[in-house]
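Shown next, in C-alpha cells, is the structure this report addresses.
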Amino acid sequence: RLLQFAARTMSLAPWVQPQSSASGLKLLNSLTRKKEAFVPQSGNSVRWYSCGPTVYDASHMGHARSYISFDILRRILQDYFGFDVEYVMNITDLDDKIILKARRRYLVGKYIEALPPTEQVLADVSQAHADLTKKATTEEDPDKRKMHENTLKAFDAALATYKGKEPALPADLLALAEAVREPLSVLLDKRDGHTITDHSIFTAVTQQYEREFFDDMRALNVRAPDVLTRVTEYIPEIVTYVEKIIENKFAYASNGSVYFDTVAFASHPDHKYAKLVPEAAGNIAALAEGEGELSCGQGEKRNPSDFALWKASKPGEPFWDSPWGQGRPGWHIECSVMASDIIGQTMDIHTGGVDLKFPHHDNELAQSEAHYGNQQWVNYFLHSGHLMIEGLKMSKSLKNFITIRDALKKYTARQLRFAFLISQWNATLDYSDAGMTQALQREKMFNEFFLNIKAVTRGKSAEFQRMTAPERVLLDALRAAKSNVHAALCDNIDTAGALQALQELIGATNVYLREAEKAGRTADANLLRQIGTWITSILRVFGLIEDGSAIGFPLGAQAAGEDAIMPDLLEFAALRDQLRLKAREMKDQLALLECDRIRDEFLPPLGVRLEDKDKGPAVVKLVDKDELMKEKEREAAEREEKARQKAEAARKRAEEAAAKLAQSKINPLDMFRSRTAEFSQFDAEGLPTHNADGTEVSKSGRKKLEKEQKAQEKLYKQYLETAAKEGGSA
C-alpha cells in the first residue's frame with residue numbers, strides 16, 4: 001500500500017496562475033520548480049506568510065539565512081515594485097524540542113540547586129555517562145554521533161578532574177554536576193520529566209528565546225512582521241480546524257490523538273499529496289523526524305505516512321482540552337491554522353527555509369487544502385537556500401555552530417547583508433572568510449564611491465551646466481544601470497546581478513572623474529549627485545541604509561553634525577596642506593612626519609579621513625568613526641598576517657637551504673651506508689648490493705640508486721668548489 005501511495009505522488013501537481021495584471025516580476029516557485037510571473041490574487045495587495053522560529057535556543061546563522069533573505073525580498077516587493085505587502089509570521093512556542101529543553105533545564109537546575117548526597121550524584125553521573133556512551137555508539141546519523149562523541153570527551157575530562165581531587169570537596173562535586181549538566185539533564189528528564197505539571201516552565205523558555213530572536217532581528221535590521229501569531233494563542237482555532245478536516249474525511253482520531261490520512265487525501269481526484277517534494281512522499285524517516293522526538297510512533301496510524309494533527313499529551317507535557325481528550329497540536333497544523341486565520345483560504349506567498357519543504361510544508365498544504373476543499377492554498381512557495389559554514393553543514397558536532405550574536409561580534413549587520421545580497425536568495429550560501437572578504441570589499445567600494453561623490457560635489461553650485469560628450473557617456477551609463485537593475489530584480493530578485501549593475505555604474509563614474517581631473521575640467525555636480533542619490537536609493541531598498549541620507553551610508557552620531565563641522569575640517573585641512581607644502585620645500589622630515597601622524601593617528605578616531613594628493617588639496621572625508629577604526633584594525637591585521645607569511649616563507653627557505661647544504665656535504669660514497677634499515681651490503685662505490693633482508697638489489701632498483709648517487713655527486717662537487725673558493729677545506 002505504501003508503494004502504491006508513493007507511486008501516486010511522484011509527479012508535480014498542476015499549478016494555476018492567478019489572473020491579474022502582471023508586474024514583470026518573476027519568482028522561482030517551489031510548486032512548479034520554475035520561474036513564474038508574479039501575479040497577486042487581489043490587485044496590488046500581497047498576502048504573505050512566513051514560517052517563524054521554534055523558540056527553544058539561541059538564533060543562529062541558519063535563521064539569519066532565511067530571515068535576512070526574506071527581508072530583502074519583502075523590501076524589494078514593497079519599496080521597489082510598490083506592492084502593498086501584508087507580512088505575517090508565526091512563533092512556534094509549542095513543540096517537542098521546547099518541551100524537552102524546558103523540562104531538562106528546570107530539572108537539572110533544581111537538582112544542582114539542592115545537590116543530593118555524594119553517593120546519589122555519583123550514581124546519577126555514572127548512569128548519565130552510560131546512557132551517553134550508548135548514544136555515541138548506536139547513533140546512525142554521523143553529525144549527531146559526532147556531537148555525542150564530543151560531549152562524551154568533555155564528560156570524561158570532567159570525571160578525570162573530579163577523580164583527581166583527593167579528597168573531593170562539596171565544591172568539587174558541584175563543579176562536576178555543572179560540567180556534565182547537559183547529559184545529566186537528559187537522565188533526569190527520562191526519570192522525572194513526567195512529574196512536570198507547571199506550564200510556566202515551558203513559557204519561561206519560549207518567552208526568553210522569542211525576546212532574543214527579535215533582539216537579533218533588530219540588530220540585523222530585519223523589519224518586524226505586520227502580524228505575529230503564536231501557537232499557544234491559537235489552541236481553540238486549531239481544534240476547530242482539525243474537526244473540519246475530520247468532517248471532510250481526511251483525518252481520524254486514534255487513542256486520543258488525531259492523524260491526517262495521507263492515503264485518503266492522495267487518492268482523492270481533486271487533491272495531491274507532497275506537491276513540493278513528491279519523490280519524498282514515502283520517506284518514513286523524514287516523516288518521523290517531522291513528528292518530533294515525543295511522538296507515539298506508528299502503532300496508532302492507519303498508514304506509515306500519516307502525521308499528527310493533534311497529539312494526546314503524556315504526563316509531563318503541556319495540554320489543553322479537546323473533543324479527543326487532553327492534548328496539544330501537531331507541528332504542521334499550527335502554521336495552517338494561524339496563516340488561514342489571518343490571510344484566509346488562499347495566500348499569495350508562503351516562505352520558509354528549504355529544509356522545511358518536506359514534510360512540514362507539504363503537510364501544511366495537504367491539511368489546509370483538505371480543510372478548505374480547494375486545490376491551491378498557496379500560489380507562490382518560496383524557499384531560501386541552505387547555509388554552509390566554510391563549505392560544511394553547520395553543526396554543533398563540527399564545532400562550527402555560529403549564533404547571530406557571535407557573527408555580529410565580528411561583522412556589522414550591513415556587512416552580513418552584503419554577503420547575502422551577493423548570493424542568490426534561493427541558492428546555497430557559504431558563510432566563510434572568503435565570502436565575507438568579498439562582502440567587505442563590496443561595502444568598501446560603495447563607501448569610497450559615496451565619499452568621493454560627496455567630496456567632489458561639496459560646495460558646488462546646483463546650477464545646471466551644458467552636457468558635453470563625457471557627461472553624455474556617463475548619463476548613458478546611468479540609464480543602462482537603471483535598466484539592468486530592473487531586469488535583474490524582475491528575474492527572481494537577482495540582487496547579485498543588481499549589485500553588479502551598480503558596480504559597473506560606479507566604474508564608469510570613476511573613469512569620468514579621473515578624466516575630468518586629468519583634463520582640468522569641472523565635473524558635472526548635478527549629474528554626480530543624481531547618480532549618488534539613485535545608488536543610495538537602491539541600497540536603501542536592499543536594507544543596507546536605514547536613515548534618510550541623500551547620498552551614502554549613515555555616519556551614526558556624526559551624521560547630524562556633518563554640515564556644521566565640515567567647514568572647520570576643510571579649513572584645518574587647508575592649513576595642514578600649507579604646512580606640508582612648506583615642510584617639503586624646507587625638507588623638514590620631522591614636520592612631514594607630524595603631518596602624517598595627524599592624518600593616520602589623530603583624525604581617524606574622530607571619524608575623519610584625509611587623503612593627500614600629489615596635486616591639489618587633500619580630500620576630506622567624514623566617515624563612521626567606529627567603522628573607520630575597524631577598518632584600521634583590519635588593515636593592521638592584514639599587515640601583520642603578510643609579515644607573518646613573509647617570515648614563515650623566509651624560515652622555510654632558510655630551512656630548505658640548510659637542508660640542501662647539509663645534503664651537499666655528504667660524500668656520494670657514503671650516502672647509502674647509513675640506511676641500514678634498507679640495505680646490508682655495499683660495493684666499492686658505496687652502492688647497495690643487498691637489501692636489509694639479505695636479498696640482492698634488483699636491476700631496476702640498482703638503476704634508481706645509481707641515479708640518486710649521480711645527483712649527489714653533482715651536489716657534492718658544487719659544495720667542494722664553493723668551499724674552496726671561500727678558503728675552507730672539505
Side-chain angles (χ1 to χ4, degrees), residues 49-60 63 67 88-114 181-182 184-186 188-218 224-225 227-242 256-257 290-295 308-322 324-339 341-342 360 403-405:
Y49 179 82
S50 188
C51 276
T54 301
V55 283
Y56 73 100
D57 208 343
S59 302
H60 51 70
H63 293 115
Y67 298 117
V88 183
M89 190 181 80
N90 79 294
I91 292 291
T92 298
D93 60 349
L94 179 60
D95 178 84
D96 287 18
K97 296 185 182 74
I98 293 170
I99 294 169
L100 290 171
K101 173 69 173 271
R103 289 195 321 212
R104 290 170 181 176
R105 188 170 81 169
Y106 173 79
L107 290 169
V108 78
K110 287 291 186 181
Y111 185 92
I112 291 175
E113 183 182 349
R181 172 183 280 263
E182 184 179 346
L184 185 59
S185 73
V186 176
L188 296 173
D189 182 62
K190 188 191 302 182
R191 190 173 70 198
D192 304 320
H194 67 280
T195 65
I196 300 297
T197 58
D198 184 359
H199 280 205
S200 67
I201 290 169
F202 306 112
T203 56
V205 168
T206 58
Q207 289 174 0
Q208 173 194 339
Y209 289 116
E210 180 184 326
R211 283 194 302 271
E212 291 185 9
F213 170 78
F214 281 112
D215 286 344
D216 291 342
M217 292 302 102
R218 280 188 289 273
V227 180
L228 182 74
T229 63
R230 299 181 183 88
V231 176
T232 54
E233 298 169 352
Y234 269 81
I235 303 302
E237 290 86 349
I238 290 172
V239 170
T240 302
Y241 204 94
V242 172
S257 296
E291 290 294 80
E293 195 173 335
L294 299 174
S295 173
L309 301 177
W310 183 266
K311 297 179 178 181
S313 291
K314 298 185 290 294
E317 298 177 5
F319 61 85
W320 288 262
D321 291 331
S322 79
W324 317 286
Q326 292 181 334
R328 57 190 177 89
W331 176 34
H332 312 298
I333 194 67
E334 299 168 351
C335 285
S336 291
V337 175
M338 291 184 287
D341 180 64
I342 302 299
H360 184 53
T403 67
I404 290 173
R405 296 186 180 195

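Only heavy atoms go into these numbers, but all of them, side chains included; no hydrogens, no water, no symmetry mates.
Closest approach of Ile235 and Pro329 over heavy atoms only: CD1-CG, 3.6 Å. Across all their heavy atoms, Ile404 and Met217 have their closest contact at CD1-CE, 3.8 Å. Shortest non-hydrogen contact noted between Thr403 and Ala58 is CG2-CB, 4.2 Å. Closest of all the heavy-atom pairs between Pro318 and Ser313 is O-OG, 2.8 Å. Nearest heavy atoms, Val227 versus Ile342: CG1-CD1, 4.0 Å. Among all heavy-atom pairs drawn from Met89 and Pro225, the shortest one is CB-CB, 3.9 Å.
A donor-acceptor pair shorter than 3.5 Å can be found between the side chains of Tyr49 and Asn90. A side-chain N or O of Tyr234 and one of Asp341 form a donor-acceptor pair less than 3.5 Å apart.
Taking the six-membered ring where tryptophan is involved, the planes of His332 and His360 are tilted, since the angle between them lies from 30° to 60°. Ring planes of Trp324 and Trp310: tilted class, angle from 30 to 60°. Between Phe202 and His199, the ring planes lie perpendicular to each other; the angle is over 60°, past the 30° to 60° tilted range.
Between Val231 and Ile238, the closest side-chain pair of non-hydrogen atoms falls below 4.5 Å. Side chains of Leu228 and Phe214 form a contact here, defined as non-hydrogen atoms less than 4.5 Å apart. Between Arg191 and Leu188 the shortest side-chain heavy-atom distance falls below 4.5 Å.
A salt bridge links Asp96 with Lys311: the closest approach of a Lys/Arg side-chain nitrogen to an acidic carboxylate oxygen falls below 4.0 angstrom.
Atom CZ of Phe213 sits in a crowded spot, with more than 12 heavy atoms from other residues, nucleotides or ligands closer than 6.0 Å. Other residues, nucleotides and ligands place no more than 12 heavy atoms under 6.0 Å from the OH atom of Tyr56.
Here Leu294 contributes atom CG and Leu100 contributes atom CG; the two are 4.5 Å apart, rounded to the nearest 0.5 Å. A distance of 9.0 Å separates CG of Asp57 from CD of Glu212, quoted to the nearest 0.5 Å. Taking OG of Ser322 as the reference point, atom CZ of Arg328 lies at 12.5 Å (rounded to 0.5 Å). Atom-to-atom distance recorded for Glu317:CD and Gln326:CD is 12.0 Å, nearest 0.5 angstrom. For the atom pair Lys97 NZ and Thr92 OG1, the distance stands at 9.5 Å (nearest 0.5 Å). Between the NZ atom of Lys190 and the CZ atom of Arg103 there is a distance of 12.5 Å, given to the nearest 0.5 Å.
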Could you give me the CA-CA distance, side-chain angles and deciding distance for Val88 and Met338, then say whether side chain to side chain contact (heavy atoms under 4.5 Å, CB included) is met?
CA-CA 9 Å; Val88 183; Met338 291 184 287; over 6 Å; no
Stepwise side chain to side chain contact (heavy atoms under 4.5 Å, CB included) check, Tyr241 with Glu237
CA-CA 6 Å; Tyr241 204 94; Glu237 290 86 349; over 6 Å; no
Side chain to side chain contact (heavy atoms under 4.5 Å, CB included) between Ile99 and Ile196, worked out:
CA-CA 10 Å; Ile99 294 169; Ile196 300 297; over 6 Å; no
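The salt bridge (charged side-chain N to carboxylate O under 4.0 Å, His left out) search around Glu233 returns Arg230, not counting sequence neighbours.
Within the 3.5 Å criterion, the main-chain N or O of Gly292 finds no donor-acceptor partner in the side chain of Ser295.
Just one of Thr206, Thr232, Thr203 meets the side-chain hydrogen bond (donor to acceptor under 3.5 Å, both in side chains) condition when paired with Asp93; it is Thr232.
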